[in-house]
Amino acid sequence: FAHAILADWHRRRSDGKQSIGSALLEWHLLPHVAHWSALSAFLFLCANVQVTTRVLAAACPIHHWCTAALLNSTSGNTRWCLRVYIVLWNVIGVVMHPNFLPWT
């Protein structure tokens with residue numbers, strides 16, 4: 001499903017018709033965007049940062065789709081920086097989380 005959405009977005013982007021922000025306003029993505037928005041608002045009011053980031057990362061695929069779109073469509077420098085950020089985030093998290101250090 002996500003691959004089809006990204007392929008459709010890339011096709012429309014190559015035609016010069018759509019940005020990633022406007023792609024999130026498509027009707028077939030409305031349930032995902034509404035869920036992400038409602039959950040974000042609820043967690044912003046009722047949870048701390050660690051819980052918020054973990055729940056949103058696990059429950060909402062939208063930010064994964066946006067990251068995949070950025071990795072596939074941006075310049076080489078931006079793509080390299082995003083990949084380094086993702087690798088560092090995972091490596092540091094693997095070290096900090098088992099040692100009971102604060103990490104999100």
Side-chain angles (χ1 to χ4, degrees):
F1 179 69
H3 177 58
I5 291 172
L6 286 175
D8 182 53
W9 178 75
H10 284 297
R11 180 184 54 79
R12 290 183 185 194
R13 187 170 187 269
S14 65
D15 296 340
K17 295 180 181 176
Q18 191 173 30
S19 68
I20 194 163
S22 62
L24 292 177
L25 299 177
E26 293 284 332
W27 283 106
H28 60 280
L29 290 180
L30 183 62
H32 296 287
V33 174
H35 177 255
W36 190 29
S37 302
L39 194 58
S40 296
F42 174 75
L43 291 170
F44 178 74
L45 297 172
C46 300
N48 66 12
V49 173
Q50 288 181 335
V51 172
T52 300
T53 55
R54 289 177 186 168
V55 169
L56 289 177
C60 302
I62 299 254
H63 76 279
H64 296 293
W65 294 340
C66 292
T67 303
L70 286 173
L71 282 172
N72 288 330
S73 67
T74 57
S75 67
N77 190 27
T78 305
R79 189 178 311 131
W80 181 82
C81 289
L82 189 56
R83 285 182 180 169
V84 167
Y85 173 77
I86 291 169
V87 168
L88 285 176
W89 178 270
N90 287 306
V91 168
I92 293 170
V94 165
V95 171
M96 291 184 72
H97 184 71
N99 292 309
F100 303 104
L101 297 169
W103 182 253
T104 46

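Throughout, residue positions are numbered sequentially from 1 according to the sequence presented.
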*side-chain contact (heavy atoms from CB on, under 4.5 Å) between Thr52 and Phe44: does it pass, once the steps are laid out?*
CA-CA 7 Å; Thr52 300; Phe44 178 74; over 6 Å; no

Check [X] against [Y] and note the closest heavy-atom contact, atom names and distance.
X	Y	value
Leu71	Arg83	CD2-CG, 3.8 Å
Cys60	His35	SG-ND1, 3.5 Å
Pro98	Gly93	CD-O, 3.9 Å

*Rounded to the nearest 0.5 Å, what separation is found between the NE2 atom of His32 and the OG atom of Ser37?*
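Going from the NE2 atom of His32 to the OG atom of Ser37 covers 12.5 Å.
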
*Distance, nearest 0.5 Å, that separates CG of Leu82 from OG1 of Thr67*: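 Spacing of CG (Leu82) from OG1 (Thr67) equals 6.0 Å.
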
*Just by modelled atom types, is the Ala57 backbone N or O under 3.5 Å from a matching donor or acceptor in the His64 side chain?*
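At least one qualifying donor-acceptor pair exists.
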
*Report whether Val95 and Ile86 are members of the same hydrophobic cluster (ILVMFWY, side-chain heavy atoms less than 4.5 Å apart, transitive linking).*
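Different hydrophobic clusters.
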
*Report whether Val94 and Phe100 are members of the same hydrophobic cluster (ILVMFWY, side-chain heavy atoms less than 4.5 Å apart, transitive linking).*
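Result: no, two separate clusters.
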
*Before giving the answer on side-chain contact (heavy atoms from CB on, under 4.5 Å), spell out for Asn48 and Val51 the whole-Å C-alpha distance, their side-chain angles and the decisive distance to 0.1 Å.*
CA-CA 6 Å; Asn48 66 12; Val51 172; 3.2 Å; yes

